[in-house]
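Only a predicted model underlies this, so the values are computations on that prediction, with no experimental measurement involved. Here is the naming used below: chain letters follow the sequence lines, and residue numbers restart at 1 for every chain. When reading the values below, keep in mind they use all heavy atoms of this one structure, side chains included, and skip hydrogens, waters and symmetry mates.
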Amino acid sequence: MKIATYNVNGIGGRLPVLLRWLALAKPDILCLQELKAPQEKFPENAIRDAGYDVIWHGESRWNGVAILSRVGDIHETRRGLPGDPADEQSRYIEAAVGGILIACIYLPNGNPWPGQKFEYKLKWMARLDAHLKALFDLEAPVIVCGDYNVIPADLDVYKPENWTKDALFAPEARAAYQGYLDQGWTDAIRTLHPGARIYSFWAYWRRSFERGAGIRIDHLLLNTAARKRLSAAGVDTRPRGWERSSDHAPAWIELADRPVRGRKARP
DNA sequence: ATGTCAGGAATTTCCTGA
């Protein structure tokens with residue numbers, strides 16, 4: 001089973017690119033972020049015509065998350081991250097589908113740092129930390145994926161010195177992300193490719209993609225049951241080179257039907 | 001410091017967020 005996450009940066013203008021990638025890559029489950037569309041403007045019919053069930057949480061202008069599935073109906077389990085009833089930003093949606101619990105997140109960017117937006121990011125990360133603790137021990141495979149807006153390590157950025165003042169590379173944000181791994185969650189791409197330079201975002205300007213000037217901020221975190229079935233992971237850079245592309249590329253994993261021999265937790 | 005997008009609001013141009 002192929003599970004992917006893709007920050008589309010606007011579902012409206014990106015629909016042709018998304019449909020093209022769905023036909024090419026055929027993910028079984030796909031999480032989308034940055035819909036940038038109100039609830040009623042999500043292109044539900046086009047997604048269903050492509051063969052996918054879908055749930056989404058829109059928001060006018062900003063944010064917005066969705067889960068697509070072509071392997072059975074989606075049973076929504078949660079909409080909105082717990083911990084702050086006053087938070088109205090559409091950044092979290094969770095569902096049971098195909099025997100998996102999948103959470104789609106669009107973690108706050110946090111720039112400029114320091115500032116109120118960065119404080120919101122850290123609070124959101126703390127709320128996610130608490131929720132992850134509740135999800136980790138489930139017996140079912142759990143995948144928490146999306147745009148984390150966190151560069152975990154120097155290896156995940158083309159030029160670390162250019163990002164030292166950025167909220168995506170801030171020590172507090174990286175520490176919070178490390179806290180998720182310390183809970184036991186597996187960063188699927190990094191675990192299968194320990195020393196590789198793999199990026200999922202390239203800024204639109206200065207020909208970043210052509211120069212390979214990227215960062216890795218789209219992650220798939222797996223609990224123990226999911227990690228045991230992890231057979232492959234990567235980033236599909238192809239759509240980043242298409243016309244009218246998102247500034248992100250889809251990150252994906254493959255889960256085997258049963259546990260993969262030798263797939264142990266990272267030391 | 002720069003640079004490029006998307007979408008919404010107001011109209012052809014600016015604003016915010018990223």
Salt bridge between A:Asp28 and A:Arg70, side-chain N to carboxylate O under 4.0 Å?
yes

Counting heavy atoms not belonging to A:Arg258, are there more than 12 under 6.0 Å from its CZ?
no

Minimum-distance nucleotide (side-chain atoms of A:Arg206 versus B:dG3, B:dC15, B:dA18)
B:dG3

For A:Phe209, which contact category applies under a 4.0 Å heavy-atom criterion: base, sugar-phosphate, or nothing?
nothing

Checking side-chain contact (heavy atoms from CB on, under 4.5 Å) against A:Thr5, which of A:Pro27, A:Ser200, A:Cys145 comes through?
A:Cys145

Base, sugar-phosphate or nothing for A:Pro38? Non-hydrogen atoms, less than 4.0 Å.
sugar-phosphate

When rounded to the nearest Å, what value does the distance between C1' atoms of B:dG7 and B:dT12 take?
16 Å

Verify the contact: side-chain N or O of A:Arg14 to OP1 or OP2 of B:dA6, cut-off strictly under 4.0 Å; return yes or no.
yes

If I take atom CG in residue A:Leu107 and atom P in nucleotide B:dG17, what distance separates them, rounded to the nearest angstrom?
17 Å

If you only use heavy atoms from C-beta on, which nucleotide in B:dA6, B:dC15, B:dG3 is closest to the side chain of A:Trp62?
B:dA6

Closest nucleotide among B:dG8, B:dA6, B:dA18 to the A:Asn9 side chain:
B:dA6

Determine the interatomic distance between C1' on B:dC15 and the same-named atom on B:dT11; round to the nearest Å.
14 Å

Nearest nucleotide by nearest heavy atom, which residue falls closer to the 5' end of DNA chain B, A:Trp205 or A:Ala37?
A:Trp205

From B:dA18, B:dC5, B:dG8, pick the nucleotide closest to the side chain of A:Arg61?
B:dG8

With A:Thr237 via side chain to side chain contact (heavy atoms under 4.5 Å, CB included) - residues at least two apart
A:Trp202, A:Phe209, A:Val235

A:Phe118 CZ to B:dA18 P, straight-line distance once rounded to whole Å
14 Å

5'-most by nearest nucleotide on DNA chain B - A:Asn162 or A:Gly10:
A:Asn162

Please walk me through it: do A:Trp113 and A:Phe118 pass ring pair (Phe, Tyr, Trp, His ring centres under 6.0 Å)?
CA-CA 6 Å; A:Trp113 167 50; A:Phe118 188 68; 5.5 Å; yes

A:Lys117 side-chain N/O to B:dG17 phosphate OP1/OP2 under 4.0 Å:
yes

Whole-angstrom distance between B:dG8 and B:dT2, as gauged at atom P
28 Å

